[in-house]
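Below, each value reflects all heavy atoms present in this structure, side chains not excepted, and no hydrogens, waters or symmetry copies.
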Amino acid sequence: MHEIDRFIEYLAAERGYSPRTMKSYRESLVKFSDYLKQTDQELNWNTIDADVVRNFMASEMEHGLLACSVNCELSALRSFYKYLLRMKLVEKNPMRLIHGPKAHKPLPSFLKESEVTRLFDDVEYPDTFDGLRDRTILLTFYHTGIRLSELVGLNVVDVNLSSGELKVTGKRNKQRVVPFGEELRQALKHYIDQRKEQLADGVDAGCLFLNNKKERIGKSMVRTIVVHYLSLVTTMKKRSPHVLRHTFATEMLNHGADLEAIKELLGHESVATTEVYTHTTFADLKKEYQLAHPRA
């Protein structure tokens with residue numbers, strides 16, 4: 001145990017690590033040390049090999065530890081063994097052969113169809129220009145799947161009401177055309193008409209969605225709008241504009257859209273990025289199966 005104490009002192013004096021990191025490292029190393037004692041009393045820092053570390057990883061994950069937490073413990077062990085080698089307290093470093101478990105990316109959060117129905121059919125929006133703008137923003141996210149930055153960057157000239165198309169400027173200024181349906185077309189037409197009245201006595205800079213100063217709306221304000229209205233229809237913790245983007249993609253896939261088509265609509269560089277929605281769909285189907293099947 002004294003090697004661990006000396007290592008922590010070294011981190012404080014020589015490396016300037018934060019108290020929080022040193023506490024975390026110490027807990028991880030003590031846990032590993034206890035594992036060694038329980039496994040084989042003859043094991044020590046100089047005699048363990050990569051298989052011992054791998055068995056420790058497996059034991060941790062069997063006890064419910066997430067991959068990211070196991071990787072944090074491995075980080076402590078890697079730093080510790082670098083120190084031991086530098087101090088000539090060990091002759092080999094078993095951590096050189098260790099690769100941590102891959103952390104699974106969380107599945108995207110999305111609204112259920114019943115929640116979407118409540119959002120657009122049941123929620124009462126203020127009978128004001130702001131209320132109209134807010135609902136139109138939500139519909140635009142839901143009908144097109146565009147990103148937050150893409151929405152705030154929209155100009156009126158980017159909207160083609162006759163063809164039902166939106167010209168979107170995405171990452172690295174790459175432009176794409178996204179189609180939209182009748183519901184959004186009607187909403188945008190009504191909003192643009194009301195927008196003209198709002199700017200009748202002022203300068204029109206051309207931006208589509210306006211803030212209360214009749215200037216281009218900002219990301220922060222859009223986030224606030226989305227969080228407010230999503231909180232009225234869902235208990236999900238995540239209530240960001242990206243939830244509506246995920247909802248768009250998930251519903252498109254669930255209703256038969258081709259993955260390559262969804263990739264183009266979302267502006268993804270690779271279809272591999274879009275494939276996360278197939279995992280979302282399968283996870284949802286699996287949940288429904290487990291709820292509905294009598295012998296599941």
- Please check if atom CG in Asp193 has more than 12 non-hydrogen atoms from other residues, nucleotides or ligands closer than 6.0 Å. yes

- Message: Test side-chain hydrogen bond (donor to acceptor under 3.5 Å, both in side chains) on Gln194 and Gln198; report intermediate values, then the result.
- Response: CA-CA 6 Å; Gln194 293 298 310; Gln198 291 288 314; 5.7 Å; no

- Checking Arg195 side chain against Cys207 main chain: does a donor-acceptor pair fall under 3.5 Å? yes

- Message: Using a 3.5 Å distance criterion without hydrogens, assess whether the side chain of Ser79 forms a donor-acceptor pair with backbone atoms of Ala76.
- Response: no

- State, with a plain yes or no, whether a side-chain heavy atom of Leu259 is found less than 4.5 Å away from one of Leu253. yes

- Message: Testing the basics here: between Leu119 and Tyr125, what is the closest heavy-atom pair and its distance to 0.1 Å?
- Response: O-OH, 2.7 Å

- Message: Test of understanding: with side chain to side chain donor-acceptor pair (under 3.5 Å), list the residues that count as partners of Arg216, not counting sequence neighbours.
- Response: Asn155

- Query: Between Arg176 and Glu150, does at least one N-O distance fall below 4.0 Å, as a salt bridge requires?
  - Reply: yes

- Task: Heavy atoms only: give me the nearest Ile137-Ile225 pair and the separation to one decimal.
- Result: CD1-CD1, 4.3 Å

- Ring centroid separation for Phe80 and Tyr25, is it under 6.0 angstrom? no

- Give the minimum heavy-atom separation between Tyr10 and Arg86, together with the two atoms involved. OH-NH1, 3.1 Å

- Query: Roughly how far, to the nearest 0.5 Å, is the CG atom of Leu139 from the CG atom of Leu188?
  - Reply: 8.0 Å

- With a cut-off of 6.0 Å (strictly less than), are more than 12 heavy atoms of other residues, nucleotides or ligands near CD of Glu91? no

- Message: Check this for me: does any side-chain nitrogen of one of Arg6 and Glu3 sit under 4.0 Å from a carboxylate oxygen of the other?
- Response: no

- Item | Glu269 and Lys171 ion-paired at < 4.0 Å | no

- Item | side chain to side chain donor-acceptor pair (under 3.5 Å) involving His246 - partner list, sequence neighbours excluded | Tyr277

- Message: One pair to check against side-chain contact (heavy atoms from CB on, under 4.5 Å): Leu65 and Glu73. What are the steps and the verdict?
- Response: CA-CA 11 Å; Leu65 211 65; Glu73 294 182 338; 3.7 Å; yes

- Looking at Arg26 and Asp5, does any basic side-chain N land under 4.0 Å from a carboxylate oxygen? yes

- Pick one: which of Leu161, Val156, Val157 meets side-chain contact (heavy atoms from CB on, under 4.5 Å) with Val159? Leu161

- If only atom types and distance count, is the side chain of Ser75 paired as donor or acceptor with the main-chain N or O of Asn71 below 3.5 Å? no

- Message: Run the side-chain hydrogen bond (donor to acceptor under 3.5 Å, both in side chains) test on Arg15 and Tyr83 for me, step by step, so that the C-alpha distance in whole Å, both residues' side-chain angles and the decisive distance to 0.1 Å come before the verdict.
- Response: CA-CA 11 Å; Arg15 303 297 301 276; Tyr83 164 80; over 6 Å; no

- Are any side-chain N or O atoms of Ser59 and backbone N or O atoms of Asn55, one a donor and one an acceptor, separated by less than 3.5 Å? no

- Same hydrophobic cluster for Val177 and Phe248, using side-chain heavy-atom links shorter than 4.5 Å among ILVMFWY? no

- Rounded distance (nearest 0.5 Å) linking atom CG of Leu85 with atom CE of Met95: 12.0 Å

- Message: Looking at Gln175, I want to see if its CD is surrounded by more than 12 non-hydrogen atoms of other residues, nucleotides or ligands under 6.0 Å.
- Response: yes

- Query: Are side-chain heavy atoms of Leu89 and Phe7 found at a separation under 4.5 Å?
  - Reply: no

- Query: Closest heavy-atom contact between Val123 and Leu232?
  - Reply: CG1-CD1, 4.0 Å

- Hey, are the side chains of Arg54 and Leu97 touching, using non-hydrogen atoms and a 4.5 Å cut-off? yes

- Query: Do Thr39 and Leu36 have side chains that get closer than 4.5 Å, going by heavy atoms?
  - Reply: no

- Carboxylate-amine/guanidinium contact Asp34 Lys31, below 4.0 Å: no

- Query: Glu9: what forms a side chain to side chain donor-acceptor pair (under 3.5 Å) with it, not counting sequence neighbours?
  - Reply: none

- Query: Counting N and O atoms only, with roles assigned by atom type, does the side chain of Arg223 sit under 3.5 Å from a partner on the main chain of Ser240, one being a donor and the other an acceptor?
  - Reply: no

- Message: Within the 4.5 Å heavy-atom criterion, are Thr144 and Leu265 side-chain neighbours or not?
- Response: no

- Roughly how far, to the nearest 0.5 Å, is CG of Leu210 from OH of Tyr191? 4.0 Å

- Item | Within-4.5 Å side-chain heavy-atom neighbours: Ile217 and Arg133 | yes

- Query: Are Phe141 and Val222 close enough, and set up right, to give a side-chain contact (heavy atoms from CB on, under 4.5 Å), and what steps lead you there?
  - Reply: CA-CA 11 Å; Phe141 277 131; Val222 175; 3.7 Å; yes

- Are any side-chain N or O atoms of Thr250 and backbone N or O atoms of Thr247, one a donor and one an acceptor, separated by less than 3.5 Å? no

- Does a donor on one side chain and an acceptor on the other come within less than 3.5 Å for Glu251 and Tyr142? yes

- Which atom of Val233 lies closest to which atom of Glu115, heavy atoms considered: O-CG, 3.4 Å

- Query: Do Leu66 and Leu77 belong to the same hydrophobic cluster, where Ile, Leu, Val, Met, Phe, Trp and Tyr are linked whenever their side-chain heavy atoms lie under 4.5 Å apart, directly or via other members?
  - Reply: no

- Task: Show the numbers, then the answer: is there a side-chain contact (heavy atoms from CB on, under 4.5 Å) between Phe120 and Arg135?
- Result: CA-CA 8 Å; Phe120 296 119; Arg135 187 174 187 274; 3.9 Å; yes

- Within 6.0 Å of CG in Asp122, more than 12 heavy atoms from elsewhere: yes

- Task: Check whether any side-chain heavy atom of Lys23 sits under 4.5 Å from a side-chain heavy atom of Glu27, and report yes or no.
- Result: yes

- Message: For a quick test of reading the model, state the closest non-hydrogen atom pair linking Leu266 to Ala249 and the distance between them.
- Response: CD1-CB, 3.9 Å

- Message: I want to check something: taking the side chain as every heavy atom from C-beta on, are Ile4 and Trp45 in contact at a cut-off of under 4.5 Å?
- Response: yes

- Query: Are Val227 and Tyr229 connected in the hydrophobic side-chain network, where two residues link if heavy atoms are under 4.5 Å apart?
  - Reply: no

- For atom CG of Asp51, decide whether the heavy atoms of other residues, nucleotides or ligands shown that lie under 6.0 angstrom number more than 12. yes

- Measure from the side-chain N and O atoms of Thr47 to the backbone N and O of Leu43, and report whether any donor-acceptor pair falls under 3.5 Å. no

- Rounded to the nearest 0.5 Å, what's the gap from CG on Leu166 to OG1 on Thr140? Could you check? 7.0 Å

- Take Leu148 and Val226 through the test side-chain contact (heavy atoms from CB on, under 4.5 Å) and record every step on the way to the result. CA-CA 10 Å; Leu148 172 59; Val226 172; over 6 Å; no

- Query: When rounded to the nearest 0.5 angstrom, what distance separates CG in Asn160 from NZ in Lys167?
  - Reply: 10.0 Å

- So, does Thr234 use its side chain to make a donor-acceptor pair with the main chain of Leu230 at under 3.5 Å? no

- Taking atom CZ of Arg147 and atom NZ of Lys219, what is their separation to the nearest 0.5 Å? 11.0 Å

